[in-house]
**Student:** 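Got a structure for you, written out below as structure tokens; questions coming shortly.
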Amino acid sequence: MPEGHTIHRHARLQRKHLRNAGPIAVSSPQGRFAAGAARLDGSRVTAVQASGKHLFYRWDQGDTLHVHLGLFGKYKTFLGDPPPPTDGTRLAMRTEDATIYLAGPTVCEIIDPDEEAGIRKRLGPDPLDRRADPERFIANLGRRRIPIGAALLDQKVIAGIGNVYRAELLFILGIDPQTPANQLDSSTAMALWDRTVTELRRGEKSGRIVTTDPADFGARRDRDLDRSERLYAYKRDGLPCRRCGTEIRMTEMANRLMWWCPSCQT
DNA sequence: GGGTGATGCTGAG
DNA sequence: TCAGCCTCACCCC
């Protein structure tokens with residue numbers, strides 16, 4: 001379930017359990033991270049940081065653990081006695097009161113400072129980072145001729161947007177996904193950044209992606225919405241646009257499926 | 001119980 | 001451009 005909001009949420013929630021807990025029991029039930037787990041076992045976590053879709057854990061013996069969930073990766077956290085790990089559990093971290101299981105990540109590795117610098121260098125500004133500079137995002141767009149629908153998935157342009165938010169943000173701002181990135185005027189680009197910040201923060205808080213207005217469905221909170229009510233465009237091909245009634249269309253862009261309203265997004 | 005799709009990304013060609 | 005990787009939740013019998 002991982003776009004940037006999920007990763008930042010994991011960082012925030014796991015920080016509570018891991019940071020300044022006692023020594024952490026680290027293992028790799030599945031075995032594929034056995035050497036790394038052995039190296040971390042019994043150490044303490046001093047920080048958990050999210051950057052785009054990457055997670056970095058600082059350990060007091062100097063190591064940094066790097067995790068990227070990819071498409072399939074999932075965390076599960078249990079308070080008290082955890083159930084036995086599944087066959088796919090790559091990493092288990094256990095403190096006195098919580099156990100965190102990680103399964104299916106694309107990346108779970110111990111890295112050195114140079115490697116971390118390399119990863120960070122490849123990332124554009126992160127809308128969930130309060131120190132992020134929107135001007136960098138605008139400058140990045142200005143340098144690309146690719147469609148904005150492709151640029152938003154490029155983590156070097158902006159870090160943390162995934163396939164759902166790409167479709168939703170372009171719909172909300174009424175931007176045709178085919179528009180070349182360098183042809184967005186700077187006020188539109190700034191509005192796109194601002195809305196991205198708003199929506200990702202909203203997702204980080206609630207733990208789910210909701211871009212519609214609950215009030216439109218007679219609901220009070222994001223969590224009260226049915227699955228079919230949460231989004232404007234994503235996976236709604238063939239259904240009427242919530243704003244104008246035109247059929248939502250589906251196409252492929254940057255190797256991923258993309259949904260948009262041909263009448264609202266021009 | 002089996003089949004399938006998924007909110008990601010890389011590296012080979 | 002495209003195959004490949006990683007795991008599990010969900011859907012349909």
Side-chain angles (χ1 to χ4, degrees), chain A residues 1-11 28-34 36-37 50-56 66-78 82-92 100-109 111 115 118-124 126-128 146-147 149-172 177 196 199-212 222 225-237 250-260:
Chain A
M1 319 171 67
E3 296 196 25
H5 71 295
T6 306
I7 308 308
H8 281 261
R9 183 177 167 88
H10 283 312
S28 178
Q30 171 208 52
R32 292 189 47 182
F33 185 60
S51 187
K53 298 172 187 171
H54 298 260
L55 270 170
F56 301 98
H66 172 221
V67 171
H68 191 295
L69 294 182
L71 193 49
F72 311 120
K74 279 180 186 62
Y75 280 107
K76 280 188 180 162
T77 299
F78 300 93
T86 57
D87 290 346
T89 303
R90 182 92 54 98
L91 168 72
I100 295 169
Y101 289 146
L102 167 66
T106 288
V107 174
C108 175
E109 60 182 5
I111 56 172
E115 292 170 308
I119 293 162
R120 291 184 180 274
K121 207 173 156 186
R122 277 184 267 124
L123 296 176
D126 178 346
L128 287 175
I146 57 173
L152 289 186
L153 287 187
D154 184 342
Q155 303 299 300
K156 292 192 286 294
V157 171
I158 181 169
I161 293 184
N163 206 24
V164 179
Y165 279 119
R166 145 173 95 162
E168 294 302 301
L169 289 162
L170 291 176
F171 175 89
I172 289 166
T196 303
E199 295 301 333
L200 289 192
R201 278 190 194 156
R202 183 179 172 190
E204 196 274 344
K205 215 170 264 174
S206 69
R208 61 187 58 175
I209 304 179
V210 179
T211 55
T212 53
D222 288 354
L225 293 182
D226 185 78
R227 186 184 292 263
S228 65
E229 299 169 330
R230 295 175 191 165
L231 304 170
Y232 282 110
Y234 181 78
K235 279 201 171 164
R236 295 196 71 244
D237 49 299
M250 176 174 82
T251 188
E252 200 179 297
M253 187 177 286
N255 267 328
R256 315 286 301 279
L257 290 174
M258 153 93 208
W259 291 262
W260 90 109

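Treat the numbers as computed from the prediction; the structure is a model and nothing was measured. Each chain gets a letter, A, B and so on, in the order the sequences are listed, and its residues count up from 1.
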**Student:** Please name all residues satisfying salt bridge (charged side-chain N to carboxylate O under 4.0 Å, His left out) with A:Asp237, sequence neighbours left out, ordered by chain then number.
**Tutor:**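 By the salt bridge (charged side-chain N to carboxylate O under 4.0 Å, His left out) rule, A:Asp237 matches no residue at all.
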**Student:** If you look at every strand shown and take non-hydrogen atoms under 4.0 Å, does A:Arg32 touch a base, only sugar-phosphate, or nothing?
**Tutor:**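 Sugar-phosphate, no base atom in range.
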**Student:** Under the rule for side chain to side chain contact (heavy atoms under 4.5 Å, CB included), what residues qualify as partners of A:Ala11, not counting sequence neighbours?
**Tutor:**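 Side chain to side chain contact (heavy atoms under 4.5 Å, CB included) check on A:Ala11 returns A:Arg15, A:Val48, A:Ala50, A:Leu55.
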**Student:** Applying side chain to side chain contact (heavy atoms under 4.5 Å, CB included), name anything that partners A:Asp87, two or more places apart in sequence or on another chain.
**Tutor:**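 For A:Asp87 there are no side chain to side chain contact (heavy atoms under 4.5 Å, CB included) partners, ignoring immediate neighbours.
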**Student:** Return the set of residues passing side chain to side chain donor-acceptor pair (under 3.5 Å) with A:Gln30 (not counting sequence neighbours), or none when no residue passes.
**Tutor:**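 By the side chain to side chain donor-acceptor pair (under 3.5 Å) rule, A:Gln30 matches A:Arg90.
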**Student:** Please name all residues satisfying side chain to side chain contact (heavy atoms under 4.5 Å, CB included) with A:Thr89, sequence neighbours left out, ordered by chain then number.
**Tutor:**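 So A:Thr89 forms a side chain to side chain contact (heavy atoms under 4.5 Å, CB included) with A:Pro29, A:Pro85, A:Thr86, A:Tyr101.
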**Student:** A:Arg202: what forms a salt bridge (charged side-chain N to carboxylate O under 4.0 Å, His left out) with it, not counting sequence neighbours?
**Tutor:**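 For A:Arg202, the residues satisfying salt bridge (charged side-chain N to carboxylate O under 4.0 Å, His left out) (neighbours in sequence not counted) are A:Glu199, A:Asp222.
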**Student:** Would you please name every residue forming a side chain to side chain contact (heavy atoms under 4.5 Å, CB included) with A:Ile111, sequence neighbours left out?
**Tutor:**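 A:Phe56, A:Thr64, A:His66, A:Glu109, A:Glu115, A:Glu116, A:Ile119.
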**Student:** Only counting residues at least two apart or in another chain, list the ones meeting salt bridge (charged side-chain N to carboxylate O under 4.0 Å, His left out) with A:Glu204.
**Tutor:**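 Salt bridge (charged side-chain N to carboxylate O under 4.0 Å, His left out) check on A:Glu204 returns A:Arg12.
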**Student:** List in chain and number order the residues that pass salt bridge (charged side-chain N to carboxylate O under 4.0 Å, His left out) with A:Lys235, two or more places apart in sequence or in another chain; answer none if no residue qualifies.
**Tutor:**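 A:Lys235: no salt bridge (charged side-chain N to carboxylate O under 4.0 Å, His left out) contacts found.
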**Student:** According to the interplanar angle, ranging from 0 to 90°, do the rings of A:Tyr165 and A:His5 count as parallel (below 30°), tilted (30 to 60°) or perpendicular (above 60°)?
**Tutor:**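 Geometry flag for A:His5 against A:Tyr165: perpendicular rings.
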**Student:** Please, what dot-bracket string fits DNA chain C when only Watson-Crick and G-U pairs with both distances under 3.5 Å count, crossing ones use [ ] and pairs to another strand use |?
**Tutor:** |||||.||||||.
**Student:** Write down the distance separating the P atoms in B:dT10 and C:dC8, rounded off to the nearest Å.
**Tutor:**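 To the nearest whole Å, 23 Å.
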**Student:** Look for any protein N or O under 3.5 Å of an N or O in nucleotides 2-6 of chain B and output each such pair with its distance, or none.
**Tutor:**
| residue | atom | partner | partner atom | Å |
| --- | --- | --- | --- | --- |
| B:dA6 | OP1 | A:Lys235 | NZ | 2.7 |
| B:dA6 | O5' | A:Lys235 | NZ | 3.1 |
| B:dA6 | O3' | A:Tyr234 | OH | 3.3 |

**Student:** Taking the P atom in each of B:dG5 and C:dC13, what is the distance between them to the nearest angstrom?
**Tutor:**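 So the two P atoms sit 15 Å from each other.
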**Student:** What N/O pairs connect the protein and nucleotides 10-13 of chain B at under 3.5 Å? Give each pair on its own line.
**Tutor:**
none

**Student:** Mind calculating the distance between CE (A:Met258) and P (B:dT7) to the nearest angstrom?
**Tutor:**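 In whole Å, B:dT7 P and A:Met258 CE are 13 Å from each other.
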